[in-house]
Amino acid sequence: MRLKGHFLNPNDAVYEDIALQTVVNHKGDFLNLLKQANYPLKTALPSETAQHATDIEIAHSTTVVAVLYRDGVMVAGDRRATAGTSIIYDRAEKVLQIDRHSVLAISGSPAIAYEIARVLEHSFQYFRRSQLQELSLEGKLRMLSRLIRDNLSMALQGIGGVIPIFALYDLNADEDDNGGKIFFYDGLGAHFENVDFATTGSGSVWIRGVLRYLSRFGDTPLSEMDQQQAAITILRLLDIASEYDAATSGYNAKVNIFPNVKVVTRSGVDTISDDDLAIWYAEAQPEQT
Amino acid sequence: MRDEPYRWIEAIQDRRDYIEDQLRPGSPVVGITYNEGMLLLTIGKGQRKIFEVHDRIALSAIGHPADIERLRMLVTDTASVQGFQNATEDVNLHRLTNYVLAHTFKQAFESIVGEAYIIKMLLAELGSTPEKNLFTAINFDGIVRTDTKFAVIGGTEVIETGMQNYLANAPADADTDLTAAIRLSLETWAVGKGLSTREPEETDLEETQMDTTQMYEVVDAAREDGEIQAGVLKITQQGTSKFRLLNSQEVEAALK
């Protein structure tokens, strides 16, 4: 039976039928539940819009970066949102907590990226609440793959592409091991695990090589850095990206806007405070001579 | 049958008696507030009885496991869709109780040719301040009771009255810590369990007053083939979801 448009009307006679069907067919699939409630998950554009897609200015471009450090994963993103050559917002949040042990760093179309993050967050919660267990690591990765793949038509039209980094902590890892994991996605939804680091967005090309150098030849490899060392490294990298990429901001000294920096460890997701970032940012700068 | 009012009323009464008989041996559930939020506690045998519904809403129930599961999913699905379509702050217990659950309970109970739900449900909603905490208890016939400080569900009205009296005489308040809240809940549970073993016609609560030692004897006996289940809605819990099941070490620590 296809149920349409009645889900939120408890006075309707089909309400109980929905409950019955939901229990019988229940797999903890939040997207399926939204379809039953007639929530439009895909945005279909009229063809004339697609033809003129290149004329539309969509805010995108950014730099987000994730590194595996001693206690887990540190994820950071600059705060700038642009449309063409205009800076339209300088306090954008690009590192989003999805659940207690996962974080999504977004680059690409903000509208789609935020919606993907929201669906992802609600999907994980719904699975936990309905199935009485956390969604597995593989299940979380596939859910994000599915959302990115479902967005393919928007990406192909050049107005809604999203390339995120997904960082999480695997609680099944041994206590002595680092359970931090970083996954990179392509536009079709394929995911690849990055062992040491991942970066995406328009500014990422300027720092990818530096990350590889630090990871392989640095005095302290990324994976052995403590939280402060990793944060200073990431702040410096975002500063470098901002020097070469107009769509990336570093630290804005005039109004004290710092990048978003979150850590994902066995104890959960934590946000590095602006106070800590201010101290570490000062240490990140070379001494003036 | 609806054309013959007497037969309909008789059928409803039979149905009420039948459901109450089924619910009487059920393990009571206690909900109280404490200094960091709200606690739901019961002692169960295998099946989980305390659930997360939404960011600030938790649920527990007594009754038939199939009915509990069906109605748990109904309220979880509804809250999840509402929270996504609007905002999570727009999901509230008042609406879920009055426009979704109570209506469903009543309809099933009074549709005497269909199956009734054998269930009593207790829900808790963590408010932005302790004064805004809310408990709702829903009877199998759809009648709703609300309270801001504590609430209980038990197999019969006598059991619930006994438990409420005990809590009223030793109320948990904003200063009660989790350890004290667990102990008070277990004592209240023991009062309810003690009353559930009596014959239905014994309604005198005075005769069944237990001292604390006897209460913990009842708890210990129940733990031989069951386990304490407790969940909290904790205001300081990191993230949007405030619900957390307590692990056995946390419960054991409260019993020392």
Side-chain angles (χ1 to χ4, degrees), chain A residues 3 5-13 15-41 96-103 115 118-134 262 265 267-271, chain B residues 47-59 65-88 90-91 95-108 111 114-117 142 229 231 237-245:
Chain A
L3 300 164
H6 294 292
F7 196 80
L8 292 180
N9 182 1
N11 296 318
D12 199 303
Y15 202 76
E16 222 172 310
D17 293 341
I18 295 170
L20 286 174
Q21 175 156 322
T22 306
V23 170
V24 172
N25 298 328
H26 219 279
K27 295 172 187 164
D29 187 338
F30 188 62
L31 296 183
N32 197 38
L33 185 66
L34 290 178
K35 281 178 190 163
Q36 286 181 10
N38 269 358
Y39 185 84
L41 282 166
L96 309 170
Q97 180 172 353
I98 302 299
D99 68 7
R100 285 171 192 165
H101 290 94
S102 66
V103 155
E115 185 73 347
R118 209 166 72 88
V119 172
L120 209 58
E121 181 183 359
H122 283 257
S123 294
F124 293 177
Q125 287 175 344
Y126 181 68
F127 188 90
R128 184 182 71 240
R129 288 166 182 158
S130 63
Q131 308 299 298
L132 307 181
Q133 64 179 53
E134 291 287 345
K262 291 188 192 298
T265 64
S267 58
V269 175
D270 200 11
T271 302
Chain B
Q47 284 208 318
R48 183 169 156 183
K49 291 187 68 177
I50 294 173
F51 308 98
E52 176 185 21
V53 172
H54 206 251
D55 285 0
R56 306 177 80 90
I57 299 174
L59 174 157
D67 290 338
I68 293 174
E69 183 64 8
R70 179 179 296 181
L71 292 160
R72 178 181 80 82
M73 288 313 310
L74 172 65
V75 69
T76 304
D77 285 2
T78 308
S80 299
V81 172
Q82 284 182 345
F84 183 82
Q85 287 187 322
N86 301 311
T88 52
D90 295 319
V91 177
R95 287 177 61 205
L96 291 174
T97 301
N98 291 293
Y99 304 144
V100 179
L101 290 170
H103 156 84
T104 307
F105 280 40
K106 182 177 184 296
Q107 193 174 47
S111 303
E115 57 177 317
Y117 293 126
Q229 296 183 23
Q237 180 80 28
Q238 193 209 10
T240 55
S241 183
K242 301 301 178 189
F243 177 81
R244 186 170 68 84
L245 275 180

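Convention: sequence-line order gives letters A, B, ...; per-chain numbering from 1. Predicted, not measured: the structure shown is a model, and the values here were computed from it.
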Pair B:F84 and A:F30, ring centroids less than 6.0 Å apart: yes
Non-neighbouring partners of B:E52 that pass salt bridge (Lys or Arg N to Asp or Glu O under 4.0 Å), sequence neighbours left out: A:R128, A:R129
Distance in Å, A:R100 CZ paired with B:R244 CZ, rounded so as to fall on 0.5 Å steps: 8.5 Å
Exercise: identify the closest heavy-atom pair between B:R72 and A:S130: NH2-O, 2.9 Å
Between CD on residue A:Q125 and OG1 on residue B:T240, distance to nearest 0.5 Å: 4.5 Å
Residues forming a side-chain contact (heavy atoms from CB on, under 4.5 Å) with B:A58, sequence neighbours excluded: B:L40, B:L233, B:F243
From CG (A:L132) to CD (B:E69), nearest 0.5 Å: 6.5 Å
